[in-house]
There are 2 protein chains.
Amino acid sequence: MTVLSLHQLTCFLATYEQGSLTAAAEELGYAQPSVSEQVRALEKTLGVELFRRVGRGVVPTTVADELRPHAERVLGSVEEARKAVQSAKSFETGTIRFGMFGTARLYAGAGLVADVLARYPGVRVELIGQNSTDVQEELRRGRLEAAMIAVPQMGSEGLEFTPVARDELVYISADPARLETPVSAHRLSLASLVMPETTWRAVDSTRLVLRQMLHETGRNPQTRIEVEDVETAVELVGMGLADSVIPRGAAEQLLPRLAPAAGWVSLRPRQYDTLAIVHRAGATLSPAARLMIELATARINSIVHPEMG
Amino acid sequence: MTVLSLHQLTCFLATYEQGSLTAAAEELGYAQPSVSEQVRALEKTLGVELFRRVGRGVVPTTVADELRPHAERVLGSVEEARKAVQSAKSFETGTIRFGMFGTARLYAGAGLVADVLARYPGVRVELIGQNSTDVQEELRRGRLEAAMIAVPQMGSEGLEFTPVARDELVYISADPARLETPVSAHRLSLASLVMPETTWRAVDSTRLVLRQMLHETGRNPQTRIEVEDVETAVELVGMGLADSVIPRGAAEQLLPRLAPAAGWVSLRPRQYDTLAIVHRAGATLSPAARLMIELATARINSIVHPEMG
DNA sequence: ACATGCTATAGGTAAGTCCTATCGATCGTG
DNA sequence: CACGATCGATAGGACTTACCTATAGCATGT
């Protein structure tokens with residue numbers, strides 16, 4: 001026993017409109033017995049006579065009159081579905097979802113959304129990045145296809161990283177005396193620090209850089225305060241409660257707004273943080289993801305120093 | 001290359017809701033590879049990735065998010081279509097079309113509609129019978145499945161007739177003097193008559209009866225006025241412009257309303273008109289048609305003398 | 001490292017799709 | 001009234017699709 005199908009409805013409608021199986025077959029590009037078979041199958045699945053075979057041609061029954069608008073609605077909905085998918089595929093509509101967290105969002109957050117909307121006015125944009133833990137989870141679970149981040153080191157836990165830019169790490173403080181000369185490893189080891197990205201502390205690239213820097217002096221980094229987001233860290237610096245080390249792009253954006261009294265100075269030797277695309281290892285990226293990567297990279301490179309090689 | 005199908009949408013929705021091909025297969029009662037194949041086919045026909053295969057389970061893409069409501073609408077419409085057909089099949093809704101013309105509608109017209117609506121409150125009823133020519137055409141073309149008529153003789157032009165009742169033919173006049181005794185063939189041949197059913201005059205059963213009756217006297221019927229419907233004939237009789245011969249049931253219904261001054265009397269010998277079901281020869285009747293025949297027969301038998309054997 | 005739970009693949013059978021060829025019935029015509 | 005034209009139904013066969021079982025491959029959690 002066959003089941004109701006779109007093909008049957010198509011043949012039914014063509015037959016209804018043409019009043020003839022032969023004409024319907026011609027319209028649909030089939031042989032006449034094929035259409036006849038489909039209509040008969042539809043009548044069998046519905047258990048009702050749709051056409052009265054009357055000498056020359058066929059005549060719809062009242063049940064066929066009843067069915068026709070429904071059949072039209074079904075086929076119309078199918079067409080709408082197909083169009084919706086096609087337009088979503090070509091970014092005329094639909095949603096583009098991308099991860100953007102850590103300090104990366106400071107560089108490419110709002111501006112990246114603007115870039116996407118300028119090029120594809122119909123799309124919705126979801127920039128996922130409330131907190132690092134969630135984003136990591138979404139990436140791992142596959143709900144997020146790709147993300148741009150500033151923090152973790154390369155190659156952890158089945159994820160694949162592609163560096164796109166680097167940004168200098170600077171020392172920020174509300175005490176002008178500490179900003180007169182570049183900060184050495186020794187001075188850094190004595191400082192009282194507030195550091196963001198607590199959740200990612202084990203893999204945070206800023207911390208990794210600092211650890212390597214301090215390792216040469218035989219000391220561990222002194223983090224007096226741990227917070228989750230950079231804004232909070234900067235505010236604490238502005239209040240004079242601690243100093244911190246953050247990417248320069250973040251300092252330029254956040255200090256005037258959140259800590260007007262604070263300033264920044266380079267480390268000595270200069271250290272750099274890496275911005276990278278991260279996605280599941282071995283994944284082939286969708287057009288939407290590739291688009292976001294392209295736009296995000298372009299925007300970041302217009303702010304920080306582009307990665308060489 | 002396969003084409004978009006309802007089956008694919010069903011599998012897609014189940015997979016979307018379950019977040020798993022295996023779970024979807026279990027829900028649908030299929031083996032897992034079958035659902036997998038359908039989803040893959042849908043992705044191929046749409047040319048887009050709907051799920052990201054990620055280790056344990058599958059995760060819908062944003063295009064799948066876009067497709068889901070459309071797929072639900074399509075399947076919903078299909079369900080509606082199926083329900084509409086089922087309810088039309090069982091007379092809960094839909095249209096019942098039946099032919100009812102000649103003088104038959106005087107007996108069973110409004111009352112028959114009332115009978116149908118009393119038993120099946122949801123249906124629409126179409127009682128086709130504006131004029132005999134149209135109805136004959138609709139029957140021949142198959143648009144009308146069956147009809148109940150009072151006029152034509154049996155067995156003409158590929159149609160099949162089934163008698164269900166007979167009604168006495170009576171002589172009507174506005175002149176009381178002509179109603180004192182039953183009208184003989186001789187008196188009838190002298191009368192000035194108005195006769196309805198002009199279009200069917202060659203096969204009209206009333207006229208056939210009269211012709212046979214008069215043939216015995218060697219005369220032809222004298223129709224002074226020809227009209228299409230019985231009401232007009234009765235009105236003319238009421239105005240004293242002519243007399244007529246019509247079924248008794250029609251006389252009882254129409255005289256008080258349209259010709260209060262007129263009355264009726266039997267013929268001598270009494271003559272009878274036949275009410276019959278007519279449909280295309282060799283046709284198998286639909287439930288709707290059988291229902292109408294049953295109800296029409298019951299109603300007519302409650303008015304005129306039932307046909308014996 | 002192992003068991004587990006999921007998807008992908010392979011291969012075979014049943015069923016459906018669509019064709020060509022032909023029959024039967026109907027309708028208009030000479 | 002026989003004729004050709006037209007349309008739907010039927011038969012039979014080539015091809016495709018649907019669906020199954022069995023199993024491999026991979027990711028995940030203990």
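Here is the naming used below: chain letters follow the sequence lines, and residue numbers restart at 1 for every chain.
- Scanning for side-chain hydrogen bond (donor to acceptor under 3.5 Å, both in side chains) contacts around B/Glu145 gives B/Ser286, with sequence neighbours left out.
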Practice task
Take A/Ile293 and A/Phe98 through the side-chain contact (heavy atoms from CB on, under 4.5 Å) test and state the conclusion after the steps.
Solution key: CA-CA 9 Å; A/Ile293 290 172; A/Phe98 194 67; 4.0 Å; yes
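- A/Glu17 pairs by the salt bridge (Lys or Arg N to Asp or Glu O under 4.0 Å) definition with nothing, not counting sequence neighbours.
- Within the structure, ring-ring contact (aromatic ring centres under 6.0 Å, His included) contacts touching residues 56-75 of chain A (residues at least two apart or in different chains) do not occur.
- In this entry the distance linking CZ of A/Arg280 with P of C/dT7 reads 14 Å, nearest Å.
- If you check the side chains of B/Gln86 and B/Lys89, you find a donor sitting under 3.5 Å from an acceptor.
- The salt bridge (Lys or Arg N to Asp or Glu O under 4.0 Å) test applied to B/Glu27 returns no partner, not counting sequence neighbours.
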Exercise for the section: Could you walk me through whether A/Glu80 and A/Lys83 pass the side-chain contact (heavy atoms from CB on, under 4.5 Å) test, one step at a time? Expected result: CA-CA 5 Å; A/Glu80 276 178 31; A/Lys83 282 208 202 82; 5.6 Å; no
Give me, pair by pair, the N or O atoms of the protein and of nucleotides 3-6 of chain C that are less than 3.5 Å apart, along with how far apart they are.
unit_1	atom_1	unit_2	atom_2	d
C/dG5	O4'	B/Arg56	NH1	2.6

List every contact pair, protein side and nucleotides 19-22 of chain C side both N or O, where the distance is under 3.5 Å.
unit_1	atom_1	unit_2	atom_2	d
C/dC19	OP2	A/Ala31	N	2.7
C/dC19	OP2	A/Ser34	OG	2.8

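- Counting 5' to 3', DNA chain D first comes under 4.0 angstrom of a heavy atom of chain B and last does so at the ends given by D/dT17 to D/dT28.
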Exercise for the section: Please lay out, stage by stage, how B/Arg280 and A/Arg52 fare under the test side-chain contact (heavy atoms from CB on, under 4.5 Å). Expected result: CA-CA 11 Å; B/Arg280 297 174 56 87; A/Arg52 213 163 295 126; 5.8 Å; no
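- The NE2 atom of B/His7 sits 16 Å away from the C1' atom of C/dT17 (whole-angstrom rounding).
- Scored by the side-chain hydrogen bond (donor to acceptor under 3.5 Å, both in side chains) test, B/Ser90 finds B/Glu92 as partners (sequence neighbours excluded).
- Looking at heavy atoms from C-beta onward, B/Leu112 lies out of side-chain contact with B/Met148 at the 4.5 angstrom threshold.
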Between side-chain atoms of residues 29-47 of chain B and protein atoms elsewhere (two or more places apart, or another chain), which donor-acceptor pairs fall under 3.5 Å?
unit_1	atom_1	unit_2	atom_2	d
B/Tyr30	OH	B/His7	NE2	3.3
B/Glu43	OE1	B/Arg53	NH1	3.3
B/Glu43	OE1	B/Arg53	NH2	3.4
B/Glu43	OE2	B/Leu50	N	2.7
B/Glu43	OE2	B/Phe51	N	3.1
B/Glu43	OE2	B/Arg53	NH1	3.0
B/Thr45	OG1	B/Leu42	O	3.0

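- Evaluation of the side-chain hydrogen bond (donor to acceptor under 3.5 Å, both in side chains) rule for B/Glu26 yields no partner, not counting sequence neighbours.
- The side-chain hydrogen bond (donor to acceptor under 3.5 Å, both in side chains) contacts involving residues 58-67 of chain B comprise A/Arg97-B/Asp65, B/Tyr16-B/Asp65, where partners must be two or more places apart or lie in separate chains.
- Of the residues in residues 38-48 of chain A, those placing a heavy atom less than 4.0 Å from an atom of DNA chain D are A/Arg40, in numerical order.
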